[in-house]
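In what follows, a single structure is set out as structure tokens and then discussed.
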Amino acid sequence: MNLNPSGWRPAAVAPSSVTAAGTLTGNRALQLEEKLIFEIGDGETCGVDFPEMEAAPESRLGVFARSAPIGLAGLSEPETVRHYTRLSRQNYAIDCGIFPLGSCTMKHNPRLNEKVARMPGFAEVHPLQPQETVQGALAVIHELAEWLIALTGMHGVAMTPKAGAHGELCGILCIRAALEARGDARKVILVPESAHGTNPATAAFAGYAVEGIPANAEGRVDLDALQARLGPDVAAVMITNPNTCGLFERDMKAISDAVHAAGAFVYCDGANFNAIVGRVRPGDLGVDAMHINLHKTFSTPHGGGGPGSGPVVLSEALAPYGPLPFVARMADGHYRLIEEETADEEHPASFGRMCAFHGQMGMFTRALAYILSHGADGLRQASGDAVLNANYLLHRLKDVLHAPFGETGPCMHEALFSDAGFADGISTLDVAKALIDEGFHPMTMYFPLVVHGAMLIEPTECESKATLDQFADALHSIARHAKLGDPALRQAPIHAPRTRLDEAQAARSPRLVWKEPA
Amino acid sequence: MRYLPLTDADRTAMLARIGAPSIDALFADVPAEVRLDGPIRGLPNHAGELAVERHMARLSARNLPAGEVPFFLGAGAYRHHVPASVDHLIQRGEFLTSYTPYQPEIAQGTLQVLFEFQTQVARLYGCEIANASMYDGSTACWEALCMARRITRRSKAVLSEGLHPHYVSTIETMAGFHGDRIVYNPPMLVPNTDAGTLISAIDEDTSCVVVQYPDILGRLPDLARIAEAAQAKGALLIAVVTEPVALGAIASPGELGADIVVGEGQSLGVGLQFGGPYLGLFATREKYVRQMPGRLCGETVDTEGRRGFVLTLSTREQHIRREKATSNICTNSALCALAFSVHMTLLGEKGLRALAAQNHRLACVAADRLKAIPGVRLLNESFFNEFTLLLDADARQAVRRLSERGVLAGVALGRLYPGRAELSGGLLVAVTETASEDDIETLARQLEEELA
């Protein structure tokens with residue numbers, strides 16, 4: 001039934017189309033349709049008051065003064081508040097319910113963190129203020145760095161990377177700088193096929209050839225295949241541990257020893273570090289570099305896809321090559337930024353700067369507040385609860401969903417299922433969309449690639465047993481329908497703000513900006 | 001441990017269901033010799049909300065926030081007034097705590113915002129299309145160079161002397177690993193940029209010319225002339241805008257012929273935050289869409305024909321193309337993009353122009369007042385809201401001493417270009433709407449006393 005054939009414009013909807021479920025406006029009670037700002041605002045409306053301007057001195061813009069209009073639409077303050085409030089209600093968020101995206105890790109966002117990040121001493125300081133006027137901000141960076149080093153058992157940490165993938169790049173650049181320092185021009189980075197897609201992209205972006213390493217039948221790195229490939233051309237191996245099949249790489253120490261014996265380095269994708277905090281230190285596993293997604297392991301809001309923050313912990317062998325700037329604590333208790341000016345004496349092997357300024361301060365304050373709230377005992381309990389929750393879901397669902405590695409040991413913080421057993425014509429996508437109608441955010445779909453039709457579920461430690469049971473009950477029921485081939489699944493979702501969106505059309509003829517109707 | 005909902009009874013029941021004796025037993029795959037048995041030594045245990053808040057407040061109090069003193073720092077990070085409704089709206093949980101919109105049917109809020117944001121950025125920059133944001137201006141600038149390399153298949157980049165030195169460092173670092181050749185000379189303290197020198201460096205190997213507008217000293221380079229010269233040699237012009245508010249008063253880079261425009265969006269909605277998180281803006285011509293890095297939000301329809309939005313063209317991205325991806329960038333700065341977009345919506349065309357006019361007027365007032373001080377000269381007569389003063393003294397020392405007198409006077413060029421004695425008298429002064437005329441007078445008096 002086509003309830004609103006003309007889309008967003010109510011004027012074009014004939015009254016005869018009003019049914020029990022359809023409305024004149026396209027709105028459905030609390031669920032309100034919202035036009036674009038360019039359709040409701042105009043060039044004259046403004047939601048900010050400006051003081052009457054005194055006569056301006058002569059303009060210094062010369063020939064550069066703007067003459068053409070920009071084409072921006074403005075709204076008054078109440079219209080603005082309504083526009084964005086209405087839009088917000090078309091979003092599912094962790095504040096609304098479980099957000100079990102495997103390998104993405106969505107946690108509760110404590111509001112204390114938001115309060116702390118907005119303290120004027122952190123939010124309203126400029127990155128180039130005299131260092132004497134930002135000692136507290138530098139202390140935050142240093143204190144967080146110390147925690148990261150302690151929790152990972154590493155030697156140093158680069159705080160500036162702006163997201164996980166930026167951290168990967170930082171780690172690989174440290175490895176490259178270390179190899180160059182010993183005159184060793186290795187050209188290949190090995191990446192197991194279960195790795196995040198950013199890993200091979202990062203290696204390539206840093207100028208390396210990328211070769212895959214297969215997984216064994218247990219969903220772990222095939223140690224024999226890895227050892228067979230190691231040689232004098234291999235610069236590094238990038239491993240995700242716990243891996244994207246939700247498993248701990250049991251052979252990690254043996255892998256590291258083999259890699260080191262071959263003169264190469266071990267990069268660990270730390271996106272899943274939240275599963276092992278307080279349980280094992282990557283430094284003890286022989287890791288040389290690992291980024292930590294602060295937003296995954298230590299909770300930051302990540303509103304709709306960023307910002308992130310990706311500090312990189314480094315082994316003793318790599319720490320000298322870390323990027324500028326970084327914060328040092330002086331003997332007298334003062335903090336100082338080591339920048340280009342003094343780097344020649346104090347950090348001569350640094351590979352340089354990888355972004356303007358000092359990293360994601362607003363994320364550092366949130367992460368530190370979270371770490372202090374949990375403490376050493378709480379972080380350990382959190383990783384334990386995350387793993388418990390994932391294993392609980394694995395056990396509640398493996399009678400109805402195929403769990404490819406369900407028998408190879410406990411899963412870590414995420415449970416992996418496949419589409420094996422679904423009736424023909426029913427896909428992982430259908431199951432995910434059916435979960436939407438039940439009021440849940442779906443799991444990660446089609447990742448990792450090593451499993452057909454993968455469903456990767458990560459509940460995190462933030463979910464109660466009651467929530468897990470509700471989620472498991474819903475997914476259990478949907479999975480049974482999927483095995484029976486219920487065609488209704490292919491129509492899901494029917495209760496979301498939108499039914500299935502045509503992604504093929506969006507890619508075929510991209511419309512990336514709004515244009516005035518002709 | 002207030003963030004953990006499981007009770008001990010829950011844990012016991014769940015372990016029974018799994019058939020495991022304890023939580024520790026679930027870590028059986030971690031080899032015993034590396035397993036940690038108790039909380040990590042030397043680290044404190046959990047703390048209540050009050051205690052954490054107190055600790056952080058103490059650290060916050062050890063900083064001098066911009067709002068407490070007359071404040072004139074810029075150089076790539078600007079203090080503007082952010083309307084209260086911006087922060088209110090970005091703190092709505094449905095925006096704040098959602099993830100990347102992988103399920104578009106229940107992420108239309110974020111997706112529509114990104115589509116509106118892309119439109120705003122494209123229009124502000126005078127370009128056809130924009131992406132859904134990058135980490136910050138400096139990394140967006142490097143990504144633009146990579147894009148120019150992909151398009152032109154050349155690997156020499158010419159950077160103007162007026163490009164922010166941290167952006168230059170970022171580029172030089174990355175280029176060192178890519179084998180790209182970078183041509184760059186630090187700025188000379190002259191009133192106007194020298195397009196001639198820049199143009200003479202462009203040749204048949206040049207992929208792009210990178211020009212900041214307004215530049216690091218506050219000067220306004222002749223983008224149109226450089227664009228023409230670059231394109232005549234088959235190179236692209238990358239324009240870099242670190243102060244987007246300027247575009248309310250000066251012609252857009254796209255209008256002047258830039259092929260790629262990148263910059264920092266922090267000025268609108270985001271705040272200073274000691275350098276991050278910030279917001280990279282990125283716009284270009286439609287024909288380069290498949291070479292553009294980062295996320296893109298596109299319009300489409302659902303099965304009922306209703307307009308909706310999705311992340312699109314992901315075949316350029318790392319999760320599909322892996323080592324062949326246009327970039328390894330994965331996340332963006334969606335929440336900062338939201339803040340930027342809300343602020344931009346509140347301003348609208350009229351407001352952005354009014355804000356820019358107010359910035360420019362105050363900067364003119366400040367420049368006229370400051371250049372009258374004995375021992376002070378104004379380098380550039382042409383500027384938007386930031387200009388360079390030449391002091392008959394070391395500007396870094398002056399800035400430090402003025403901060404002790406309760407004025408944050410600007411950014412000394414010596415901080416940005418350490419080791420370049422010829423620049424040590426340079427002081428960059430940024431004047432936004434947050435500076436009152438009293439603040440300007442205070443700065444002038446204190447500087448007068450300092451130099452006397």
Side-chain angles (χ1 to χ4, degrees), chain A residues 43 46-47 56-57 64 71-72 74 84 87-88 90-95 116 119-121 124 126-127 133 136 162-163 165 197 200-202 204-205 210 248 284 301 303-308 341 352-353 356-357 360-362 375-378 384 392 410 464-465 496 498-499 506 511 513-514, chain B residues 5 10 14 23 26 29 34 39 43 45-46 56 59-60 62-65 73 89 92-94 96-98 100 105-106 108-110 119 123 135 138 166 169 173 250 274-277 298-300 302-303 308 312 318-319 322-323 325 328 330-335 346 348-349 351 361 364 418:
Chain A
C46 183
F64 297 95
L72 297 173
Y84 290 100
L87 287 182
S88 74
Q90 298 183 25
N91 267 6
Y92 192 100
I94 193 75
D95 280 3
V116 160
M119 289 176 173
E124 295 174 25
H126 190 285
T133 67
K162 290 190 161 281
T202 296
F205 215 51
V210 178
F248 190 83
D284 297 337
E341 185 167 21
R353 180 184 282 272
F357 311 128
Q360 308 286 66
M361 182 66 190
D377 55 338
Y392 182 68
S464 67
K465 180 172 177 294
R498 286 291 175 275
T499 57
R511 292 169 62 118
V513 295
W514 184 81
Chain B
D10 291 334
M14 293 163 75
I23 287 180
L26 298 174
D29 282 333
V34 289
L43 296 179
N45 281 344
H46 65 281
M56 298 303 286
L59 291 173
S60 173
R62 290 176 62 193
N63 305 310
L64 180 59
L73 278 81
L89 287 166
R92 281 193 65 92
E94 305 92 324
L96 185 73
T97 73
S98 56
T100 302
E105 297 84 3
I106 47 171
Q108 285 298 301
T110 290
T119 307
R123 291 182 172 201
Y135 307 138
S138 65
H166 288 176
S169 300
T173 296
I250 59 178
F274 199 47
E299 184 186 324
T300 188
D302 73 358
T303 56
T312 192
Q318 35 74 26
H319 56 271
R322 295 170 76 85
E323 68 267 26
N328 80 327
C330 178
T331 193
N332 61 334
S333 292
L335 193 68
L346 283 164
E349 178 94 15
R361 190 189 83 83
C364 291

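Chain A is the first sequence line, chain B the second, and so forth, proteins listed ahead of strands; every chain is numbered from 1. The figures that follow rest on heavy atoms only: side chains count, while hydrogens, waters and symmetry mates do not. The structure presented is a predicted model; accordingly, all values stated were derived computationally and were not measured.
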I need the residue from [options] with the largest number of non-hydrogen atom pairs under 4.5 Å to chain B.
{"options": "Cys46(A), Gly352(A), Gly121(A), Ala165(A)", "result": "Gly121(A)"}
{"options": "Gly74(A), Gly47(A), Pro127(A)", "result": "Pro127(A)"}
{"options": "Ser464(A), Ala204(A), Ala376(A)", "result": "Ala376(A)"}
{"options": "Asp95(A), Val116(A), Thr202(A)", "result": "Asp95(A)"}
{"options": "Gly308(A), Pro410(A), Ala496(A)", "result": "Pro410(A)"}
{"options": "Gly375(A), Gly303(A), Pro301(A)", "result": "Gly303(A)"}

Between Thr97(B), Leu335(B), Thr300(B), which has the largest tally of heavy atom pairs under 4.5 Å with chain A? Thr97(B)

Counting heavy-atom pairs closer than 4.5 Å to chain A, which one of Gly351(B), Ala334(B), Gly348(B) comes out on top? Ala334(B)

Heavy-atom distances under 4.5 Å only: say whether Leu89(B) touches chain A with side chain, backbone, both or neither. side chain

Counting only heavy atoms closer than 4.5 Å, note whether Thr312(B) contacts chain A via side chain, backbone, both or neither. side chain

Can you tell me how far apart [atom1] ([X]) and [atom2] ([Y]) are? Round to the nearest 0.5 Å.
{"X": "Tyr92(A)", "Y": "Ile106(B)", "atom1": "OH", "atom2": "CD1", "value": "7.0 Å"}
{"X": "Leu59(B)", "Y": "Met119(A)", "atom1": "CG", "atom2": "CE", "value": "9.0 Å"}
{"X": "His126(A)", "Y": "Leu73(B)", "atom1": "NE2", "atom2": "CG", "value": "5.0 Å"}
{"X": "Tyr84(A)", "Y": "Leu346(B)", "atom1": "OH", "atom2": "CG", "value": "8.0 Å"}
{"X": "Gln108(B)", "Y": "Gln90(A)", "atom1": "CD", "atom2": "CD", "value": "6.5 Å"}
{"X": "Asp377(A)", "Y": "Asn45(B)", "atom1": "CG", "atom2": "CG", "value": "3.5 Å"}

Restricting to non-hydrogen atoms, name the atom on [X] and the atom on [Y] that form the minimum distance, rounded to 0.1 Å.
{"X": "Pro65(B)", "Y": "Pro120(A)", "result": "CB-O, 3.5 Å"}
{"X": "Tyr135(B)", "Y": "Ala163(A)", "result": "CE2-CB, 3.4 Å"}
{"X": "Ala93(A)", "Y": "Ser98(B)", "result": "CB-N, 3.8 Å"}
{"X": "Phe205(A)", "Y": "Asn328(B)", "result": "CD2-OD1, 4.0 Å"}
{"X": "Glu323(B)", "Y": "Val210(A)", "result": "CB-CG2, 3.9 Å"}
{"X": "Ala356(A)", "Y": "Ser138(B)", "result": "N-OG, 2.8 Å"}

Main-chain N/O of [Y] paired to [X] side chain as donor or acceptor, under 3.5 Å:
{"X": "Arg123(B)", "Y": "Gly71(A)", "result": "yes"}
{"X": "Thr173(B)", "Y": "Arg353(A)", "result": "yes"}
{"X": "Ser88(A)", "Y": "Glu94(B)", "result": "no"}
{"X": "Thr331(B)", "Y": "Gly305(A)", "result": "yes"}
{"X": "Glu349(B)", "Y": "Leu72(A)", "result": "yes"}
{"X": "Asn91(A)", "Y": "Thr110(B)", "result": "yes"}

